[in-house]
Amino acid sequence: MSLKNLPGAREEIEASPWAITEPEAWRGQWQSAFPEVHPLHVEIGMGKGQFLTQMAQAHPDVNYLGIEKFSSVLVRAVQKQEVLVLPNLRLIRMDAENLLSVFAEGEVARVYLNFSDPWPKERHAKRRLTSENFLRRYDVILAKEGQLEFKTDNRELFDFSLESVRDHGWRILAVTFDLHHSELAEGNIQTEYEERFAALGNPICKMICAP
Ligand code: SAM
């Protein structure tokens with residue numbers, strides 16, 4: 001069975017109060033989707049939700065939204081949240097291509113990209129979540145002091161991303177090529193992929209950048 005086709009996943013997501021089924025309807029008023037008003041942090045390509053559920057537990061003063069394009073993957077995060085019932089976490093099944101239909105100008109305080117798909121072929125470069133194609137979208141939705149944090153073990157994708165961000169006129173606020181042995185390790189919450197690749201001995205790269 002393909003990972004993209006898990007019977008019942010879409011229905012389970014739609015039935016969950018933690019998944020937002022019509023995200024466009026919340027554009028410009030995401031704060032009303034949460035019980036308390038806090039800065040909004042968004043993870044794009046959240047996978048099964050380990051990072052975001054732990055972040056939401058560690059930082060109750062932040063509202064977290066997780067975005068994932070496949071129901072078969074997102075449903076695992078939904079199931080975690082059904083158990084954890086974190087008031088500051090909501091989940092959306094959507095493609096990041098549609099960010100501008102879902103978030104108003106300056107609505108997002110921080111974007112997290114973790115172990116994003118590398119799309120190694122040059123003709124697919126526009127699909128990389130750190131390509132100019134997406135940086136232009138983040139420019140719109142990020143707040144004035146907004147930031148983007150990106151982690152990956154894929155050095156080629158990381159080097160591409162550093163160049164992409166610089167070429168786009170953004171500032172690199174912090175960078176490491178070995179996160180787990182750097183100052184940035186403090187408070188680091190590992191994603192599913194991060195645990196897997198770090199266990200293989202791969203160094204993890206991280207950058208924090210801002211428009
Ligand atoms: N962030 C998780 C981690 O670090 O364990 C998952 C990493 S996985 C390699 C990348 C995830 O991003 C996949 O679940 C994929 O479906 C999702 N993804 C890729 N492109 C996306 C897009 N344009 N919009 C939403 N999700 C996307």
Side-chain angles (χ1 to χ4, degrees), residues 12-69 71 73-114 116 129-130 134-151 165 170-171 173-174 184 186-191 206-211:
E12 191 172 339
I13 291 168
E14 276 170 13
S16 171
W18 307 106
I20 310 274
T21 42
E22 285 181 26
E24 295 83 359
W26 293 93
R27 189 176 185 277
Q29 40 195 346
W30 276 106
Q31 291 303 346
S32 320
F34 296 87
E36 289 183 21
V37 173
H38 293 304
L40 183 66
H41 292 191
V42 176
E43 185 186 10
I44 301 174
M46 69 173 303
K48 297 178 186 170
Q50 171 170 308
F51 174 78
L52 219 54
T53 50
Q54 291 187 20
M55 288 292 280
Q57 284 173 309
H59 305 284
D61 52 346
V62 174
N63 287 330
Y64 290 95
L65 260 181
I67 290 176
E68 168 55 50
K69 71 176 170 184
S71 303
V73 182
L74 184 67
V75 72
R76 302 299 177 212
V78 167
Q79 289 163 351
K80 282 192 184 90
Q81 171 66 342
E82 295 282 354
V83 175
L84 294 169
V85 189
L86 301 167
N88 57 334
L89 176 65
R90 298 289 182 276
L91 308 163
I92 311 177
R93 189 191 61 75
M94 65 173 265
D95 192 310
E97 282 283 348
N98 302 320
L99 282 174
L100 299 185
S101 317
V102 170
F103 298 104
E105 206 172 309
E107 199 170 18
V108 176
R110 194 172 301 174
V111 169
Y112 289 102
L113 305 175
N114 292 317
S116 307
L129 292 176
T130 50
F134 283 98
L135 293 176
R136 273 193 265 113
R137 289 166 167 78
Y138 310 146
D139 268 335
V140 176
I141 66 170
L142 275 174
K144 210 160 171 242
E145 305 294 326
Q147 293 183 1
L148 180 147
E149 298 198 6
F150 173 49
K151 293 197 278 188
V165 159
W170 282 27
R171 291 167 296 137
L173 307 177
L184 295 182
E186 200 185 323
N188 179 50
I189 288 180
Q190 296 199 47
T191 78
K206 175 170 179 174
M207 73 165 91
I208 304 175
C209 53

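No hydrogens, no waters, no symmetry mates; every other heavy atom, side chains included, goes into these values. The structure presented is a predicted model; accordingly, all values stated were derived computationally and were not measured. Residue numbers run from 1 in the order of the sequence given.
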Subject >> Test side chain to side chain donor-acceptor pair (under 3.5 Å) applied to K206 and N188, step by step >> reply: CA-CA 11 Å; K206 175 170 179 174; N188 179 50; 5.0 Å; no
Subject >> Residues E43, N114; criterion side-chain contact (heavy atoms from CB on, under 4.5 Å); working and verdict >> reply: CA-CA 8 Å; E43 185 186 10; N114 292 317; 2.9 Å; yes
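Using a 4.5 Å heavy-atom threshold, the side chains of V111 and F150 count as separate. The shortest distance between side-chain heavy atoms of V73 and K48 falls below 4.5 Å. The side-chain heavy atoms of N88 and E36, taken from C-beta on, include no pair separated by under 4.5 Å. Side chains of L99 and I44 form a contact here, defined as non-hydrogen atoms less than 4.5 Å apart. No side-chain heavy atom of I141 sits less than 4.5 Å from a side-chain heavy atom of E107. Side chains of P17 and R90 form no contact here, defined as non-hydrogen atoms less than 4.5 Å apart. Side-chain contact check for Y138 versus V42: every heavy-atom pair is 4.5 Å or farther apart. Looking at heavy atoms from C-beta onward, L40 lies in side-chain contact with F103 at the 4.5 angstrom threshold.
When every heavy atom of A56 is checked against every heavy atom of L86, the shortest pair comes out as CB-CD1, 3.9 Å. Residues G47 and E68 approach most closely at N-OE1, 3.1 Å, considering heavy atoms. The two residues L113 and L129 come nearest to each other via the heavy atoms CD1-O, 3.7 Å. For C209 against W170, the heavy-atom pair with the smallest separation is SG-CE3, 3.8 Å. Taking all atoms of both residues into account, the shortest heavy-atom contact from P87 to P35 is O-CD, 3.4 Å. The heavy-atom pair separating L173 from A210 by the smallest distance is CD1-CB, 3.9 Å.
For residues 19-35, every residue pair satisfying the side-chain hydrogen bond (donor to acceptor under 3.5 Å, both in side chains) rule, not counting sequence neighbours, is listed here: Q31-N63. Sequence neighbours left out, the pairs with a member in residues 92-106 that pass salt bridge (charged side-chain N to carboxylate O under 4.0 Å, His left out) are E97-R137.
Put simply, CE on M46 and OG1 on T53 are 7.0 Å apart, with the number rounded to the nearest 0.5 Å. Here the CD1 atom belonging to I67 is positioned 11.0 Å from the CD1 atom belonging to I20, to the nearest 0.5 angstrom. Taken to the nearest 0.5 Å, the CD1 atom of I189 stands 6.5 Å off from the CZ atom of F51. Once rounded to the nearest 0.5 Å, the distance linking CG of L89 with NE2 of H59 reads 13.0 Å. Distance check: L65 CG to F34 CZ gives 4.0 Å after rounding to the nearest 0.5 Å. Once rounded to the nearest 0.5 Å, the distance linking CD of Q50 with OG1 of T191 reads 7.0 Å.
When the shell of 6.0 Å around CD of E145 is examined, it contains 12 or fewer heavy atoms from other residues, nucleotides or ligands.
Residues that satisfy the ring-ring contact (aromatic ring centres under 6.0 Å, His included) test with Y64, not counting sequence neighbours, are H41.
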